[in-house]
Number of protein chains: 2
Amino acid sequence: MSTEALKQLFAKSGLKFTNQRYLVYRAMAEAKDHPSAETVWRRVRVEAPAISLDTVYRTLASFEARGLVTRVPGGGEEGRFDGDVTPHHHLVCLCCGSIEDFTMSGAGLDDLPESVAAWGQPRDAQVLVRGVCRKCLCKMEPVKPESEKRRT
Amino acid sequence: MSTEALKQLFAKSGLKFTNQRYLVYRAMAEAKDHPSAETVWRRVRVEAPAISLDTVYRTLASFEARGLVTRVPGGGEEGRFDGDVTPHHHLVCLCCGSIEDFTMSGAGLDDLPESVAAWGQPRDAQVLVRGVCRKCLCKMEPVKPESEKRRT
DNA sequence: GTACGTGCAAATTTTTTGCAGTATT
DNA sequence: AATACTGCAAAAAATTTGCACGTAC
């Protein structure tokens, strides 16, 4: 997204264009790992060493309120954010905390049962899968005989 | 569940039977509102005023590790727990934080696409719907601001 | 120029931990 | 008796807030 287009987007959302917001937005758009606020902070600090963590928190919160980023549920302790606001689902590793995307049909906003309408007004729907990712499964393997171990 | 049966369950999970655990377990089994640790604490204190919040945290954590309770994702800040460990889905109100259950088919562990198997080993799968519950929608109705966002 | 945005530091909130005494098996 | 559990208080981690200055519009 060009700087100009981003300026437009911010203006449309009622946000002034600042370097901090620009950097946070770019970091989120490029990130594929659903970073925490602190992780975003570490990344943008490369280009703007003076940016404060508070600003990153505030920026992400205002982005979230305007639908420019999403908060990923199930990450546990730390808040994790997603720059991809198109509908998709998440795989959360209970071991290392990594979060990955996946897609499947039949579980979107339009596929919810009528009972949901009685509850209120849904804003988003997603499948959340918690488990252990392959990398962590491998790390736990060592209990197995080495004949089966295929490691570095 | 009888006290005896619960004793068995704890023993099977490698947990000693204590009054604190008994009370926390019962509170979770009876709760239908996915309480936070602090809420559970307030409830069990009625019967055991001396129980500490730390113990509730530790107890819920050990229950969770043994699959006796589940942590509900998407609640945001506070950790929320669910005494119902059978597969079901959740509706989370972004306004008041209330969490309700709902059921639907086609989004269980057995319905996941193959891509998930490549990721690792899923432990549970659920649909998470975030939105605004009816009670909060009502509260917001009267506050229909006449002023649209002022565009400069 | 005005209102919003930012950095700093301190405050809040939620959850975890060390330790010594207590209760369960 | 051995070991796990609990309460207390303090610590840690994550996020928010008040305030004065700076910057976009």
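Order of the sequence lines fixes the chain letters, A, B, ..., with proteins taken first and strands second; residue numbering starts at 1 for each chain. These figures come from a predicted structure and were not determined experimentally. Any value given below was found using the heavy atoms of this structure, including those in side chains, with hydrogens, waters and symmetry copies removed.
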Grab the [atom1]-[atom2] distance between [X] and [N] for me, whole Å please.
| X | N | atom1 | atom2 | result |
| --- | --- | --- | --- | --- |
| L60(B) | dT14(C) | CG | P | 15 Å |
| E78(B) | dT16(D) | CD | P | 13 Å |
| E4(B) | dT25(C) | CD | P | 10 Å |
| Y22(A) | dG5(C) | OH | C1' | 19 Å |
| I51(B) | dC5(D) | CD1 | C1' | 11 Å |
| R66(A) | dG5(C) | CZ | C1' | 12 Å |
| W41(B) | dT6(D) | CH2 | C1' | 14 Å |
| L23(A) | dG7(C) | CG | P | 10 Å |

Listed nucleotide nearest any side-chain atom of [X], set [options]:
| X | options | result |
| --- | --- | --- |
| D54(B) | dT14(C), dT6(D), dC8(D) | dC8(D) |
| Q20(A) | dC25(D), dG7(C), dA9(D) | dG7(C) |
| R58(A) | dT6(D), dT17(D), dA4(D) | dT17(D) |
| R21(B) | dA24(D), dT25(C), dT6(D) | dT6(D) |
| S52(A) | dG7(D), dA14(D), dG7(C) | dG7(C) |
| L53(B) | dA9(D), dT15(C), dA24(D) | dT15(C) |

Taking only N and O in the side chain of [X], is any of them less than 4.0 Å away from OP1 or OP2 of [N]?
| X | N | answer |
| --- | --- | --- |
| T59(B) | dC5(D) | no |
| T55(A) | dG7(C) | yes |
| S36(B) | dT14(C) | no |

Let's test your reading of the model: under 3.5 Å, does the base of dA23(C) pair with the side chain of N19(B) as donor and acceptor?
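Side chain to base: no pair present.
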Whether the side chain of K16(B) and the base of dT3(D) hold a donor-acceptor pair under 3.5 Å is what I'd like checked.
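Such a pair exists between side chain and base.
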Indicate whether the side chain of D101(B) and that of H90(B) have a donor and an acceptor atom separated by less than 3.5 Å.
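Yes.
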Among side-chain atoms of D82(B) and H88(B), is any donor-acceptor pair under 3.5 angstrom?
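Yes - a donor-acceptor pair under 3.5 Å links their side chains.
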With no hydrogens and no angle check, is any side-chain donor or acceptor of W41(A) less than 3.5 Å from a backbone partner on D54(A)?
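Here the side-chain-to-backbone pair does not exist.
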So how far is it from T18(A) OG1 to Y22(A) OH, rounded to the nearest 0.5 Å?
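One gets 12.0 Å once the value is rounded to the nearest 0.5 Å.
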Salt bridge (charged side-chain N to carboxylate O under 4.0 Å, His left out) for E30(B) and R43(B)? Distances and angles first, verdict last.
CA-CA 11 Å; E30(B) 288 167 3; R43(B) 289 179 191 166; over 6 Å; no
First encountered from the 5' end of DNA chain C, between Y57(B) and A50(A):
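Residue closer to the 5' terminus by nearest nucleotide: A50(A).
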How do F17(B) and A61(B) order along DNA chain C: which one's closest nucleotide is nearer the 5' end?
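Its nearest nucleotide lies further toward 5', so the answer is A61(B).
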So which heavy atom on W119(B) is nearest to which on G131(A), and how close?
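Heavy atoms of W119(B) and G131(A) come nearest at CH2-C, 3.7 Å.
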